[in-house]
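Since the structure comes first, as structure tokens, the remarks are kept for the end.
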Amino acid sequence: MIRRFSYGTVFETEAVLDKPEAQRGALPYFDVDPKRRALTCRMDADAVVYGLGENVRGINKRGWIYESRCSDEPHHHEDKRSLYAAHNFILFDGRERRFGLFVDYPGILTFDVGFTDASVLKITAADWNLDVYLIEGADNRDIVWQFRRLIGRSYIPPRWAFGVGQSRWGYQNEADVRAVVRSYRSLRLPLDMVYLDIDYMERYKDFTVDRTRFEDLAALSEELKAENVRLIPIIDAAVKQEDGYPVYEEGKAKGYFCTREDGSLFVGAVWPGRSVFTDMLNPQARAWFGRQYKALLDQGIEGFWNDMNEPAIFYTEDRLAHVLDEISKLKETNQNLDLEAFRRFTGLFGSLSHNPEDYQAFYHTVGGQRVRHDRVHNLYGYGMTRAAGEAFEQLEPRKRILLFSRASYIGMHRYGGIWQGDNKSWWSHILLNLRMLPSLNMCGFLYTGADLGGFGCDATEDLLLRWYALGVFTPLMRNHAAYGTRDQEPYRFSDIDSFRRILGLRYRLLPYLYSEYMKAALRGDMMFRPLAFDHPDDPRCRTVEDQLYLGAELMIAPVYEQNAAGRYVYLPEDMTLIRYTAGPDGDGAFVREALPAGDHYVPVPLGDVVFFLRKGRCLPLAEGGQCVADVDFENLHMLACDDAQPYEYYHDDGVSRDYDNPRNIRWLRA
Ligand code: GLC
């Protein structure tokens, strides 16, 4: 049962497709305090609070304060309150009460989940104009299922997007890209995508190609497609302010960019220096921005990643002038900076980027009304990705285009996936990657994954091997790294056999992964679930933060500590341990071991991938291949438990949008 409670004048986010009538009565379970703009609810000691999508900390969000404020935040530390997204959905699983709560509100929203008072959940909005949806159901899965129906079907990528992707901020030209493909292919490391970061553009101008580095992108794209590798360029939110640049000129002439209070163009600096920001909340401006992608579609491009769309603002002209002014004053008065003066000095520099005041300095135009940006801040990345997604439906109606974004709000899940942003080559970020998966799935984001190997900092071989052992299961499987960090393509390291085997496992698992993805998308289900969702009566499961169910068949439990020789795993029921390891011929082999329910120490040598097959289940496996096009999705080998039930297999052409055809579903016997 879903009930909507409405407060103030709500901004239409279009997160929800069919809004139920607003209720007159009081919001159950909560104290509602319009003066303090707060919703408060008591939490019993063992209540678990799930949700909040992309965020720091655990699967259980208790014990911290989170802020929905889409932020360009490259430091995913425990003390952060926001990452790139605003996913305002929680699932409260307490002894006395169980409900889902979605706060449809595009401004800054705080979820204090027992931070100020351990027994209180307090949600505070920057202004009191919100829709609150309360969802009650039989169990956690039912609540999520109802919520997902409310917000609409998740984005479905082309099947080739489930292949392996290689990325790096630093591939400078055609030769660099070819070298990546050559290295992968010559070492028989499977590959489906190479990503183009900002260096392919002409001075960071969206929808342009630097002809001195990429002489003929269309020809390169065709050449690589013949090898089953697709190029996936980045698109940034900000448009370079430059006379004669057609995107800037046209957008300005049509009034499609955000403006300041006095109606003049709002200018902020990002990669290209001074830039303007398309009004992604204005349907005409959005449609116009979406049409720009055609320039790349026409060159054979079939996928994009949308970046910097919180939107990131490195500085504004006014603030820079102010900071320079203040600093020169400091210099005049006190060359010898004491503690306070020095703090002020560094603070001034720190205040340049992503300054909250800058987000209050520009406006959108929605239905003829001007709306100050900070009031609708969390919709920007959603709007940008929607712009692209809606354009693709028109420009390529028969084809799926790969699309994922950095910033997002619930609703955007219908248009694209997300990657988990600028993580680091840290062991703890393997675990963070895992923990975000179910939280994101609840909010409709299914096509997701983290930068494998870590974006910032230097990766090591063991880290990458361990991270891939999780990455083989995530829909988006991409190795990506920041400029200036150590090279981390698998072929940079010595144990190529292990990398080949692990990447190869991905292609053997593809029939299952794709089938599970599609069923989750079409039915509003979660592909990744916390253990407690399947075992509500097992109190141990409520505390498991490093294992997940993947579909109805598998449980995953990756190793995420350096120099570990294995790990402890909790089995809520009897399972079969599956170890993918080097076989006698050097290729990968599946080794099985039946384990009873309970706690087990499982040795996991570096290079092995371990997962668990559930009782009575079976897993369809392909022979594998060097790319998705190689994989035979028809002739499958079933890895089965004794007395396994048939597997419900979803299979389609992977390209068209004929998702609902009943012929796509079939039962495979063990
Ligand atoms: C941002 C993105 C990152 C990208 C970089 C350069 O930091 O999150 O993935 O490599 O910008 O474009």
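Just follow the structure's listing: the first ligand is 1, and inside any ligand the first atom is 1. The model shown is predicted, which means the values in this text are computed figures rather than measured ones. Numbering starts at 1 and runs along the sequence shown.
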Any heavy atom of Trp305 under 4.0 Å from ligand 1? The part involved is side chain
With heavy atoms and a 4.0 Å threshold, my read on which part of Trp419 contacts ligand 1 is side chain
Counting heavy atoms under 4.0 Å, the part of Tyr483 that contacts ligand 1 is neither
Within 4.0 Å of some non-hydrogen atom of Asp422, the atoms of ligand 1 are 1 (C), 2 (C), 3 (C), 7 (O), 8 (O), 9 (O)
Atom 11 (O) of ligand 1: of Asp236, Asp307, Val270, Ile198, the nearest heavy atom sits on Asp307
Value for CD (Glu223) from CG (Asp216), rounded to nearest 0.5 Å, stands at 10.0 Å
Arg185 side chain to Leu191 main-chain N or O, any donor-acceptor pair under 3.5 Å? yes
With Trp271 as partner, the option from Tyr483, Tyr204, Phe314 fulfilling ring pair (Phe, Tyr, Trp, His ring centres under 6.0 Å) is Phe314
heavy-atom search around atom 5 (C) of ligand 1 in the protein gives Trp169 CE3, 3.8 Å
For the backbone of Leu52 and the side chain of Tyr66, can you confirm whether one donor and one acceptor N or O come within less than 3.5 Å of each other? no
Check this for me, if you would: do Asp487 and Arg492 make a salt bridge, where the nitrogen-to-carboxylate-oxygen distance has to be below 4.0 angstrom? yes
Nearest heavy atom to atom 6 (C) of ligand 1, choosing from Ile234, Asp197, Asp451, belongs to Asp197
Requested in this report: Look only at interatomic distance and state if Arg406 has a nitrogen or oxygen under 3.5 Å from any nitrogen or oxygen of ligand 1.
Outcome: yes
Salt bridge or not between Lys399 and Glu302? Use side-chain N to carboxylate O under 4.0 Å.
yes
Note: ligand 1 atoms sitting under 4.0 Å from heavy atoms of His480 are 3 (C), 4 (C), 9 (O), 10 (O)
So is Arg466 actually on top of Tyr560's ring, under 6.0 Å and inside 45° of the axis?
-> no
